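Take a look at the structure set out below.
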Amino acid sequence: MFHLESGRIPNETVYGTENLHISYSMKWCLQNHRIFYTLTDVDSFCFICSMAKNEIPKAYEAKQYEDEIYAAWEKSGFFNPDNLPGKRTEMFSIVLPPPNVTGTLHMGHAVMLAIEDVMTRFARMRGKKALWIPGTDHAAIATQTKVEKLLMKDGMKDPRRELGREEFLKRVEKFASESHDVIVNQAKKMGASLDWTREAFTLDKVRNKAVNTAFKIMYDDGLIYRGDRMVNWCPRCKSTLADDEVEYKEQKTKFYYFKYGPVVIGTARPETKFADKVIVVHPNDDRYKNLIGKEMDVEWIEGIVKAKVIADEVADISLGSGAMTITPAHSFVDFDLAKKYDFEILKIIDEDGNLTKAAGTFAGKNAHDSREEIVSVLEKKGLVDHIDEDYVHNLSVCYRCGTAIEPLPKVQWFIDVNKQFSFRQSEHSPIKGIKNGQLLALKEIMQHVVRTKQIRIIPDRFEKTYFHWIDNLRDWNISRQIWYGHRVPVWYKQKSEVGDQKLETPFVGVTAPEGEDWQQDTDTLDTWFSAGLWTISTLGWPDQNNVLTSFHTGEKMSTDLECYHPTSVLETGYDILFFWVARMILMTTYTVGEVPFRDVYLHGLVRDEQGRKMSKSLDNIIDPLDMIEKFGADATRLSLVIGTTPGNDTKLSEEKIAGYRNFTNKLWNISRFVLLSLRGDEVDEVIPSEIASPLDQLVARNDMTLADRWILSRFATVTKEVTDHLENYEFSQAGEKLRDFTWGEFADWYLEIAKIQKQDGIGNKQEARDSENILFFVLKQLLVLWHPFMPFVTEAIWKNISSDLLIVESWPKEQTTNTDFSAEHEFSRVQQLIISIRNIRSQYKVRQEQSVDVRLQIQDSHTRKIIEENLSIIKTLARVQDIEIISQLPEFGSGFAVVVLDQITAHIILPIEDSKSEEARIQKESEKLRDYILMIENKFSDKEFVSKAPPQVVEKMRQKLQEAKDKLESYVSHSKS
RNA sequence: GGACGCAUAGCUCAGCUGGUUAGAGCGUCUCGUUUACACCGAGAAGGUCCCAGGUUCGAAUCCUGGUGCGUCCACCA
């Protein structure tokens, strides 16, 4: 007796060992897997297929298989398209929307991973070069804020000041790298077939080169400029925010009305009003017409100010007094006005949220806290008109930390979205409708590619949202005053602080300039700047020199960028359509002259069972890892893919996931049955893979049973439907159809029938083998169809079938030869009869173990033949003792129930006599039929229906009417009354 | 204020380009330890397809209006 922990063993060794029971399955395992465990003297099993003594576990325990299977996939190298077998000409590529390295993955990420993995695995099995590129996002502000909070929790007051730039960044990087590892592990747990050899990070060296290059060419084209503009400033993050990084919170506050010279002005923010010097009224406002153009001295917070009155249409006559003063430095609207009229822009509040010297005696005080004090000064001067205590307005806050935003004028870097530049067209995948060298603005290209459907958004209603957003797009502020991120690739000669002051002509380049005294801009770039380059920066741009050598053939491949760009599809949540999708379109069309992707598939948000967002404070978070642990990755994936539609939010509950866990187990047991029956007594001579292959012969022999033809036909139909749905991004429908077929048809009907056919065919080896053949054929193909959805359980089962990995098995071809509609129709008669008998048994409470007898009258000979051929199936499935087919059923009598079906009338002989309920049942049945007949007859009484409806529809209705009438007649003739 | 989405069985949702006696899963009820599976099987009950108009021979499906819920954008005089 030998004891091995694991490893390859030469076959002979094992075969030659006495006392070791080697079952058929083990022998088979040894041939295929060559890996064998010996635990004790008796219990031996192959750890690949977990079979012990010819047994497959009764329940599928996901945990026991998943990690091992993922490791096997990784080892195979098949996640990398360069290693895929066969000649593959078509490509499929998709980039993973890089998760932020701020922590762990949530259900939103799980949806993304599940859907994208379905896409990728589907493409791979269809023989495409399937590439799914992983990566993570440094998420500048988000990550920096998170680390700052953590450091502050550990007792630091101002981490940035205390640690300094270099040390602080080290801490952030450490956190980011830990977070990265967690994320990668989670993605693997989900079963994501990502090509880890191509993994990228938005802040690594390669991506930095892409970022700097993009910055430089945009700068050279005059699209990036440095300018003074109002920005959203977060006094806590000490950084600017993009317009769409600002969130609004409804808030009740006081709204003040002050007397300002001859007018009354309203404001919610008196602390910004120190330097108001201009009154704006509407040119058509009769109340103030005589004031326009006048100058006057006005008593104000810090004494007399010189004010003048101008007319502009921005003033709203109906709002308040109709007059307003302008505060250029702290309001977007006012800033634009000030620029228009060239007024002085005086900063009242500084970057720390304190009042500047423009506030006179209030200088240095916190602006917000000084509000009441300022009001009381005005109060004393008698300048307060009145105060509205219940003013509700939207306070703009930082989307990261929730702090109130302070609009400030600052010197920032911008991308000009309206300026025209000379478009550089791609050679290998040009954008249609635009010429090389054509003068265009970024906005125009962004609109063009979507309008001309060169980028398709799914669902298409989001195109409207997209266009609306672009119409209102202002120049994109790309600089951030934080440390974690890509440094702005601009160097200044002067050593002076890079702040608001004017500087000498800077050097803009991919790398630092030669020579001394150059100082790099201290600002970093908006995280979406690097994210916008994601499809090209992960595929080798700007170098394009990553020539790959195929793993197998050694032949040279073109560069990744040529081969995989534009990517096939971008899959992401609709919540980042603007943040990311639009920016990618902008950056990619500009830099390489190609669209970044052909299709955009937008998934919805995952909410809790009550439809609320998942959040820590609500304590309603469902953690993907917990669910994987509890129900398995496959169940978790299915719950996120089935029952969800693009662009719509989904509600998730543990019960839903548990339901899909049940299904994975069902599939496992279907396989268990099929495989175990193959390994029955006499299969010794054949191994499964040989059994199943010549299905064509079987089909050609043309002696299959009705059930055989039915299941093959249904399977062919389902294969076609599932394939079509997947191609059209209808994942939910594909999954539902598959599940209904697998459970409702294959398991509930065909498996049971196969048992009967095997039983019947005991004397006839061939017939028994036929059933097994078909069972195995359908199972095998089903595993392939299910694999994109449930990669683990299908692969685990597959290990019992083949020594090759399922992940690279090819997708079933369309089996049009197997579709057999007459078989489907005929078989449905058998099904109907069985269901009706079961129904009657249930209604009359016939005990399960008790058989009943059935008399049948069958109208046409063909149906009679079908029923006769399937007698044993009907008997077993409906628990019938005797079936008698007679030409004329007795019209009256008791002790039986009557069921009328298409072409068949059945008497089910009941062990108990209950003529009363039977009478009532027939009454009810007839009543329903009469209503139905009436409904159809009404249609026909409408002449226009007959003349205008398509003939097929009319014909169909006529048939239905006839059927219903026949049925009713049978019931009536068989009822006593 | 502008735009978009959703409303179908107790719950979660399917129902694509108008023709079904409107479907599934979960839940409920009744029966069942048949050697694939109780994470199961068989059967059943359960719906004015939000309301009102319109188009049409025909509307859950298309149009208009309304109601309720949700989301995004704009907005801090």
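Everything numeric in this text was worked out from a predicted model, so none of it was measured. Naming: A, B, ... by sequence-line order, numbering from 1 per chain.
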- Item | Carboxylate-amine/guanidinium contact Arg879(A) Glu849(A), below 4.0 Å | no
- What interatomic distance, in whole Å, is found between P of A52(B) and the corresponding atom of A59(B)? 14 Å
- Query: Salt bridge or not for Glu655(A) and Arg661(A), using N-O below 4.0 Å?
  - Reply: no
- Where RNA chain B forms stems, i.e. three or more consecutive Watson-Crick or G-U pairs with both distances under 3.5 Å: B:1-7 with B:67-73, B:10-13 with B:23-26, B:28-32 with B:40-44, B:50-54 with B:62-66
- Could you give the CE-to-C1' distance, from Met935(A) to C57(B), as a whole number of Å? 14 Å
- Item | Electrostatic pair Glu61(A)-Lys63(A), nearest N-O below 4.0 angstrom | no
- With a 4.0 Å cut-off on heavy atoms, is Lys755(A) in touch with a base, just the backbone sugar-phosphate, or nothing at all? base
- Results of salt bridge (charged side-chain N to carboxylate O under 4.0 Å, His left out) for Lys956(A) - residues two or more places apart only: none
- Task: Return the nearest nucleotide to the side chain of Phe578(A); candidates are C73(B), C39(B), U34(B).
- Result: C73(B)
- Rounding to a whole Å, what distance do you find between Asp724(A):CG and U17(B):C1'? 15 Å
- Grab the CD1-C1' distance between Ile908(A) and G43(B) for me, whole Å please. 14 Å
- Reckon Glu61(A) touches a base, only the sugar-phosphate, or nothing at all at heavy-atom distances under 4.0 Å? base
- Would you mind telling me which residue lines up with the more 5' stretch of RNA chain B, Asp740(A) or Ile405(A), judged by nearest nucleotide? Asp740(A)
- Query: Met230(A) has an atom CE; how far is it from atom C1' of C75(B), in whole Å?
  - Reply: 14 Å
- For C50(B) versus A7(B), give the span between their C1' atoms, rounded off to a whole number of Å. 6 Å
- Item | Spacing of the C1' atoms in G47(B) and A24(B) (rounded, Å) | 14 Å
- Task: Would you check if Tyr932(A) stacks with the base of U21(B), given a 5.5 Å centroid limit and a 30° plane limit, both strict?
- Result: yes
Kindly list each side-chain donor-acceptor pair under 3.5 angstrom involving residues 734-741 of chain A, sequence neighbours excluded, with atom names and distances?
residue	atom	partner	partner atom	Å
Lys737(A)	NZ	His725(A)	NE2	3.0

- Message: Without decimals, in angstroms, what is the distance between Phe673(A) CZ and C37(B) P?
- Response: 10 Å
- Message: Ring-plane angle category for Phe578(A) and Trp469(A), please: parallel below 30°, perpendicular beyond 60°, tilted otherwise.
- Response: parallel
- Task: With Lys755(A) as the cation and Tyr750(A) as the aromatic partner, state whether NZ or CZ is under 6.0 Å from the six-membered ring centre and within 45° of the axis.
- Result: no
- Message: Nearest whole Å is fine: how far is U71(B) C1' from Leu602(A) CG?
- Response: 14 Å
- Message: Please classify the nucleic acid contact of Ala268(A) as base, sugar-phosphate, or nothing, using heavy-atom distances under 4.0 Å.
- Response: sugar-phosphate
- How close or far is atom C1' of C72(B) from atom CD1 of Ile576(A), stated in whole angstroms? 15 Å
- Which part of the nucleic acid, if any, lies within contact of Ile670(A), taking any heavy atom under 4.0 Å across all strands shown: a base, the sugar-phosphate backbone alone, or nothing? base
- Query: At under 4.0 Å between heavy atoms, what does Gly659(A) touch on the DNA or RNA strands: base, sugar-phosphate, or nothing?
  - Reply: nothing
- Same-atom distance (C1') from C31(B) to G70(B), integer angstrom: 44 Å
- Query: Would you say the ring centroid of Trp668(A) lies under 6.0 angstrom from that of Phe673(A)?
  - Reply: no
- Regarding the side chain of Pro407(A), the nearest nucleotide among C39(B), G43(B), C76(B) is C76(B)
- Task: Return yes if the base of C76(B) and the side-chain atoms of Ser396(A) contain a donor-acceptor N/O pair under 3.5 Å, otherwise no.
- Result: yes
- Task: Could you tell me whether the phosphate oxygens of G32(B), OP1 or OP2, come under 4.0 Å of any side-chain nitrogen or oxygen in Arg847(A)?
- Result: yes
- Note on the structure: In B/S/- notation (B base, S sugar-phosphate only, - none; protein heavy atoms under 4.0 Å), nucleotides 1-14 of chain B written 5' to 3' is ----S------SSS
- Task: Answer with yes or no after comparing the ring centroid distance for Tyr574(A) and Phe462(A) against a 6.0 Å cut-off, counting only values under it.
- Result: yes
- Hey, is the side chain of Trp743(A) poking within less than 4.0 Å of OP1 or OP2 on G41(B), counting only N and O atoms? yes
- Message: Angle between ring planes, Tyr256(A) versus Phe258(A), binned at 30° and 60°: parallel, tilted or perpendicular?
- Response: parallel
- Message: Using side-chain heavy atoms (C-beta onward) and a distance below 4.5 Å, is Thr572(A) in contact with Leu577(A)?
- Response: no
- Is the phosphate of U21(B), meaning OP1 or OP2, less than 4.0 Å from a side-chain N or O of Lys960(A)? yes
- Do Phe940(A) and Val954(A) come within less than 4.5 Å of each other through their side chains, counting heavy atoms only? yes
- Message: Nearest to the Lys58(A) side chain among C37(B), G43(B), A24(B), which nucleotide is it?
- Response: C37(B)
- Message: If you only use heavy atoms from C-beta on, which nucleotide in C37(B), U34(B), U71(B) is closest to the side chain of Gln848(A)?
- Response: U34(B)
- Message: Less than 4.0 angstrom from a charged side-chain N to a carboxylate O is my criterion; do Asp724(A) and Lys720(A) meet it?
- Response: yes
- Message: Regarding Phe255(A), tell me which of base, sugar-phosphate or nothing describes its non-hydrogen contacts under 4.0 Å with the strands shown.
- Response: sugar-phosphate
- Nearest-nucleotide comparison on RNA chain B, the residue closer to the 5′ end among Arg607(A) and Glu655(A): Glu655(A)
- Quickly work out the Lys965(A) NZ to U21(B) P distance and round it to whole Å. 16 Å
- Report the nucleotide, chosen from C57(B), C37(B), C76(B), that has the shortest atom-to-atom distance to any side-chain atom of Lys666(A). C37(B)
- Query: Within the pair Asn839(A) and A42(B), is there a side-chain N or O less than 4.0 Å away from OP1 or OP2?
  - Reply: no
- Query: What does Lys845(A) touch in the nucleic acid at a heavy-atom separation under 4.0 angstrom: a base, only the sugar-phosphate, or nothing?
  - Reply: sugar-phosphate
Acceptor/donor pairs from residues 929-936 of chain A side chains to any protein atom, 3.5 angstrom cut, sequence neighbours excluded:
residue	atom	partner	partner atom	Å
Arg930(A)	NH1	Glu927(A)	OE1	3.4

- The nucleotide from G19(B), U21(B), A36(B) with an atom nearest the side chain of Arg672(A) is A36(B)
- Query: Hey, does Leu577(A) reach any base, or is it just sugar-phosphate, or nothing, if we go heavy atoms under 4.0 Å?
  - Reply: nothing
- Task: Give the nucleotide from the list C40(B), C57(B), G43(B) with an atom nearest to the side chain of Pro950(A).
- Result: C57(B)
- Query: Does Gln850(A) reach the side chain of Pro911(A), with side-chain heavy atoms less than 4.5 Å apart?
  - Reply: yes
- Message: In whole Å, measure the gap between the C1' atoms of C69(B) and G58(B) for me.
- Response: 32 Å
- First locate atom CG of Asn648(A), then atom CG of Leu602(A), and finally report the distance between them rounded to the nearest 0.5 Å. 11.0 Å
- In residues 745-754 of chain A, which ones come under 4.0 Å of RNA chain B, going by heavy atoms? Ala747(A), Asp748(A), Leu751(A), Glu752(A)
- With the side chain defined as heavy atoms from C-beta on, Tyr574(A) is closest, among G43(B), C57(B), U71(B), to U71(B)
- Message: Let's see if you can work this out: which of C31(B), A77(B), C39(B) has an atom nearest to the side-chain heavy atoms of Thr267(A)?
- Response: A77(B)
- Task: Name the closest nucleotide to the Glu944(A) side chain, picking from C37(B), G19(B), C57(B).
- Result: C57(B)
